[in-house]
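Let me begin by presenting the structure, written as structure tokens, before commenting on it.
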Protein chains: 2
Amino acid sequence: MAPSPEALDLGALVTAIEDFNTHFIRLPSVRRLSFSTLSVLHTLARRGPMRLTDLTATEQLKQPALTSLVAKLERDGLVSRRPDPRDGRAVLLTLTEEGAQIVRSRHAERVTRVARLVEHLDDDERAALAGYAAVLTRLTEIAARLDDQKLDD
Amino acid sequence: MAPSPEALDLGALVTAIEDFNTHFIRLPSVRRLSFSTLSVLHTLARRGPMRLTDLTATEQLKQPALTSLVAKLERDGLVSRRPDPRDGRAVLLTLTEEGAQIVRSRHAERVTRVARLVEHLDDDERAALAGYAAVLTRLTEIAARLDDQKLDD
DNA sequence: CACAGTTACATCGAATATTGATATAAATGC
DNA sequence: GCATTTATATCAATATTCGATGTAACTGTG
């Protein structure tokens with residue numbers, strides 16, 4: 001059964017994203033930080049202060065692994081922990097300036113990389129690219145909304 | 001839609017890709033396979049049979065880690081090893097059908113996910129997305145070309 | 001307020017992954 | 001041939017992750 005006539009080939013799109021990510025993700029891992037560690041820093045940078053348990057939902061780690069990972073991040077001065085004023089059991093995790101700086105520098109590194117690639121595009125391709133950030137952002141919003149709905153089980 | 005130079009905000013684009021990937025990458029890890037393991041399977045699926053040393057260039061693992069990872073993959077029946085007929089020291093790694101199946105099923109899972117998101121887009125947004133795959137593929141080609149040039153150091 | 005149940009996080013021990021240093025075996029160059 | 005380089009393997013040390021379990025704080029019911 002052929003899908004609708006508008007030529008949106010999802011298989012090709014997903015393949016393109018997968019292959020692009022191979023080049024997009026693999027930065028020279030600056031400070032010997034693991035993938036899990038960087039993911040935690042990224043999440044805290046995007047969502048602001050969070051509790052440990054909230055992180056277990058977004059990161060693919062169990063709570064004991066997160067406890068020790070966060071302990072290490074605190075020792076290294078990338079994250080600070082303080083008691084949640086609303087709940088004596090909980091801990092609020094916040095990026096330190098140094099932790100935020102790592103996330104920013106990785107972002108900057110990616111911008112530099114992508115800039116080097118975009119130089120080689122022609123004007124049409126570059127113009128096309130200009131519109132995609134908005135659509136991707138929309139997709140991310142939709143994904144977040146669907147994820148939230150799932151939590152209501 | 002005037003093609004002005006300011007139209008392409010790389011910072012916003014990179015942020016959008018970073019955030020989208022948060023939802024795109026994190027699949028329910030099917031078979032208790034690590035990120036490194038999945039990356040090796042993906043690389044072998046894309047590039048065909050490779051030597052261990054060639055993999056150390058694309059994966060972010062040292063050679064001893066790859067040796068043991070590949071040994072495990074062979075035990076699990078996802079990769080087969082045979083001597084390189086052109087070089088008695090080397091080993092050629094090939095995906096087995098079962099290994100290829102894992103890569104395909106993860107791809108299919110992503111397609112399903114993205115399809116659920118795309119349902120919520122309007123026609124304009126969907127049309128914009130349709131061109132995205134081609135430009136991303138171009139960027140990936142350019143990145144691969146630049147990487148190859150760097151190897152000539 | 002007492003108390004049972006739940007939630008948030010910490011701790012411990014076992015299993016697994018990763019790394020650096022180094023060994024072995026095959027290929028290459030002179 | 002012999003020295004050098006290359007491809008992979010092995011080993012010991014460290015790091016990561018998990019399951020099980022402990023402790024303290026919160027919640028709801030009566």
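Order of the sequence lines sets the chain letters (A, B, ...), proteins ahead of strands, with each chain counted from 1.
Using a 4.0 Å heavy-atom cutoff across all strands shown, B:Ala65 reaches at least one base atom of the nucleic acid.
No salt bridge links A:Asp84 with A:Arg89; every basic N to acidic carboxylate O contact stays at or beyond 4.0 Å. A salt bridge links A:Arg46 to B:Glu18: at least one charged side-chain nitrogen sits closer than 4.0 Å to a carboxylate oxygen. Salt bridge annotation for A:Glu97-A:Arg104: present, with a cationic side-chain nitrogen under 4.0 angstrom from a carboxylate oxygen.
The distance between atom CD of A:Gln60 and atom P of D:dT16, rounded to the nearest whole Å, is 18 Å. The CG atom of A:Leu38 sits 14 Å away from the C1' atom of D:dT16 (whole-angstrom rounding). If you measure from atom NZ of A:Lys72 to atom C1' of D:dA15, you get 8 Å, rounded to the nearest angstrom. B:Asp54 places its CG atom 14 Å from the P atom of D:dT6, with the value rounded to the nearest Å. Look at NZ on B:Lys62: it is 18 Å from C1' on D:dT10, rounded to the nearest Å. Atom P of nucleotide D:dA7 and atom CG of B:Leu93 are separated by 13 Å, given to the nearest angstrom. Straight-line distance from the CG atom of B:Leu52 to the P atom of D:dT8: 5 Å, rounded to whole Å.
Contacts between residues 77-84 of chain A and DNA chain C, counted as heavy-atom distances below 4.0 Å, involve A:Arg81.
At least one side-chain heavy atom of A:Thr22 sits under 4.5 Å from a side-chain heavy atom of B:His42. Between A:Thr94 and A:Arg82 there is a side-chain heavy-atom pair separated by less than 4.5 Å. Using a 4.5 Å heavy-atom cutoff, the side chains of B:Val111 and A:Leu13 are not in contact.
In this model, no side-chain donor or acceptor of B:Gln63 finds a partner on the base of D:dA7 within 3.5 Å. For B:Arg89 and D:dT6, a side-chain-to-base donor-acceptor distance below 3.5 Å is present, hydrogens and geometry of angles not being considered.
Chain B approaches DNA chain C over the interval C:dA17 to C:dA27, counting the first and last nucleotide 5' to 3' with an atom under 4.0 Å from its heavy atoms.
Annotation: of the two residues near DNA chain D, A:Arg86 and A:Ser36, the 5′-most nearest-nucleotide partner is A:Ser36. Between A:Asp87 and A:Leu61, the residue whose closest nucleotide on DNA chain D is further toward the 5' end is A:Leu61. Where A:Ser68 and A:Arg51 meet DNA chain C, the nucleotide closest to each residue was compared, and A:Arg51 sits on the side nearer the 5' end.
Under a 3.5 Å cut-off, the side chain of B:Asp9 and the backbone N or O of B:Ala12 do form a donor-acceptor pair. A donor-acceptor contact shorter than 3.5 Å is absent between the side chain of B:Ser39 and the backbone of B:Phe35.
Geometric assessment of B:Arg113 against the ring of B:Phe24 yields a negative cation-pi assignment under the 6.0 Å and 45° thresholds.
Here the nucleotide nearest the side chain of B:Thr53, chosen from D:dT16, D:dT8, D:dA20, is D:dT8.
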